[in-house]
Amino acid sequence: MAYLRRAAAALLATASALLTASPTASATPSPVLARESFDRLPLGPVAEGRDWTSDTSDGTLTVTRASTGHGRELRIRTEGNGRAFLVFPRLAPPGNSFWARMRLRVDAFPTAPDWAHWTLAEASGQDSPTLVRPLGGQYVPTEKRNFYGVGSDLGPTGDWTAWKTSAPATAGRWQCVEFHLDATDNRVTVYFDGVPQPDLTVSTDRHGGTADPFVFPTFDKLKLGWQLYQADPSPSSYDVRMDDIALSTRRAGGCAS
């Protein structure tokens with residue numbers, strides 16, 4: 001009997017060790033926060049997908065066959081100063097920092113009114129009114145063209161878009177765009193086709209607003225799409241194509257030419 005009791009005790013100990021060392025329990029969390037390639041969505045108008053919803057006013061989101069001939073992509077269309085965004089509403093990045101990557105094509109940028117301002121990405125959180133716009137830009141009449149810029153609104157640093165002439169916004173061609181929101185110093189960095197754009201970098205004390213520190217909200221939402229803020233723009237409507245979206249705690253890659 002003593003032998004049976006010892007054997008039973010050994011079996012229980014082995015089972016306990018196996019449960020403790022369960023691969024599920026010890027697996028490293030995935031760095032991916034969300035992905036969308038649109039290939040699994042039906043063709044036609046769309047209002048939601050996996051992990052995302054939408055926010056539109058005088059705008060539409062439509063899944064179409066890819067202009068490259070492979071798979072599907074999203075067509076974003078707005079009229080006037082409308083908006084059309086995919087919204088990732090349950091964002092909770094560890095350390096309040098994350099990377100985003102997408103393929104992007106804007107058919108035409110505004111040429112009027114002067115200083116027309118547009119946004120392609122906006123991150124926010126419920127604990128602060130600050131809107132962080134890691135990808136947007138402005139029509140600069142003195143240069144007669146549009147330039148990309150990082151921006152913000154509604155926070156202590158005010159409403160600003162730090163556009164740079166070193167980052168011209170070119171219509172009608174695909175770009176692979178990445179941005180990194182790093183909460184350690186409230187830093188936004190931007191990359192086009194895998195190449196860093198240091199002139200577009202902003203941080204706590206280096207930005208385009210007031211003398212106040214630029215501080216991230218606790219991010220819980222990211223919007224990707226298009227919004228133009230001024231009425232009666234030229235052209236009067238806008239088409240944006242978007243594909244291969246990835247949100248991650250690490251750089252997703254895939255943008256190198």
Side-chain angles (χ1 to χ4, degrees), residues 36-39 41-49 52-89 100 102-124 131 133-151 153 159-161 163 165 167-177 179 190 192 221-245:
E36 183 58 85
S37 68
F38 307 103
D39 291 340
L41 293 175
L43 297 171
V46 62
E48 61 183 4
W52 62 270
T53 59
S54 57
D55 174 22
T56 62
S57 175
D58 294 324
T60 58
L61 303 174
T62 306
V63 175
T64 67
R65 298 191 188 280
S67 53
T68 59
H70 301 284
R72 299 178 180 185
E73 63 193 33
L74 185 70
R75 179 192 181 195
I76 301 161
R77 182 174 177 84
T78 63
E79 301 291 335
N81 60 341
R83 68 179 185 272
F85 287 105
L86 293 81
V87 182
F88 295 89
M102 74 199 83
R103 292 180 60 246
L104 174 71
R105 190 186 83 188
V106 181
D107 282 358
F109 290 98
T111 56
D114 290 352
W115 308 106
H117 173 209
W118 39 272
T119 292
L120 289 158
E122 181 179 276
S124 61
L131 300 175
R133 293 169 176 154
L135 191 65
Q138 204 156 15
Y139 172 65
V140 180
T142 54
E143 302 287 337
K144 297 190 182 301
R145 68 178 306 172
N146 286 263
F147 298 99
Y148 281 110
V150 176
D153 197 7
D159 179 7
W160 52 272
T161 301
W163 55 267
T165 56
T170 303
R173 73 177 184 92
W174 284 98
Q175 283 185 296
C176 190
V177 180
F179 57 81
V190 181
F192 295 144
K221 182 188 296 183
L222 176 68
K223 298 166 65 173
L224 299 175
W226 175 267
Q227 182 169 8
L228 185 83
Y229 300 96
Q230 287 72 32
D232 301 317
S234 180
S236 60
S237 63
Y238 295 87
D239 282 282
V240 177
R241 303 280 179 156
M242 198 171 285
D243 202 357
D244 297 331
I245 297 169

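For this chain, numbers begin at 1 and follow the sequence in order.
Put simply, the side chain of Thr78 never gets that close to the backbone of Gly59: no donor and acceptor are under 3.5 Å apart. Here the side chain of Glu36 pairs a donor or acceptor atom with the backbone of Phe38 at under 3.5 angstrom. Remark: the backbone N or O of Ser234 is paired with a side-chain donor or acceptor of Thr111 at under 3.5 angstrom.
Between Gln175 and Tyr148 there is a side-chain heavy-atom pair separated by less than 4.5 Å. Contact of the Leu86 side chain with the Ile245 side chain is registered, since non-hydrogen atoms from C-beta on lie closer than 4.5 Å. Using a 4.5 Å heavy-atom threshold, the side chains of Val177 and Phe192 count as touching. With a 4.5 Å cut-off on side-chain heavy atoms, Arg72 and Asp39 count as touching. For the pair Trp226/Leu120, a side-chain contact is recorded, criterion being any heavy-atom separation below 4.5 Å from C-beta on.
Residue Ala47 comes nearest to Ser54 through the heavy atom pair O-OG, 2.8 Å, listed as atom of the first residue, atom of the second, then distance. Scanning all heavy atoms of the two residues, the minimum distance from Ala121 to Pro134 falls at O-CD, 3.5 Å.
A distance of 11.0 Å separates CZ in Phe85 from OG1 in Thr56, rounded to the nearest 0.5 Å. To the nearest 0.5 Å, atom CG of residue Asp243 and atom CG of residue Leu74 are 8.5 Å apart. Put simply, CE on Met242 and CG on Leu61 are 9.5 Å apart, with the number rounded to the nearest 0.5 Å. Between the CZ atom of Arg103 and the CG atom of Asp244 there is a distance of 5.5 Å, given to the nearest 0.5 Å. With values rounded to the nearest 0.5 angstrom, Phe179 atom CZ is found 6.5 Å from Leu135 atom CG.
Residues satisfying the side chain to side chain donor-acceptor pair (under 3.5 Å) test with Ser37, not counting sequence neighbours, are none. In this structure, Trp115 has no side chain to side chain donor-acceptor pair (under 3.5 Å) partners at least two apart in sequence or on a different chain. For Asp55, the side chain to side chain donor-acceptor pair (under 3.5 Å) criterion is met by Arg83, Lys223, not counting sequence neighbours. Partners of Trp163 according to the ring-ring contact (aromatic ring centres under 6.0 Å, His included) rule, which considers only residues two or more places apart in sequence or in another chain, are Phe147.
Contacts classified as salt bridge (Lys or Arg N to Asp or Glu O under 4.0 Å) and involving residues 106-117 (residues at least two apart or in different chains) are given here: Arg105-Asp107. Applying the salt bridge (Lys or Arg N to Asp or Glu O under 4.0 Å) test to every pair with at least one member in residues 73-82, sequence neighbours left out, gives these pairs: Glu73-Arg241, Arg75-Asp239, Arg77-Glu79, Arg77-Asp239.
The closest side-chain donor-acceptor pair between Trp118 and Asn146 falls under 3.5 angstrom.
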Check against side chain to side chain contact (heavy atoms under 4.5 Å, CB included), Val87 and Trp52 = CA-CA 5 Å; Val87 182; Trp52 62 270; 5.9 Å; no
Take Tyr238 and Leu228 through the test side chain to side chain contact (heavy atoms under 4.5 Å, CB included) and record every step on the way to the result.
-> CA-CA 9 Å; Tyr238 295 87; Leu228 185 83; 3.9 Å; yes
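Of the candidates Arg133, Gln138, His117, His117 is the only one forming a side-chain hydrogen bond (donor to acceptor under 3.5 Å, both in side chains) with Thr161.
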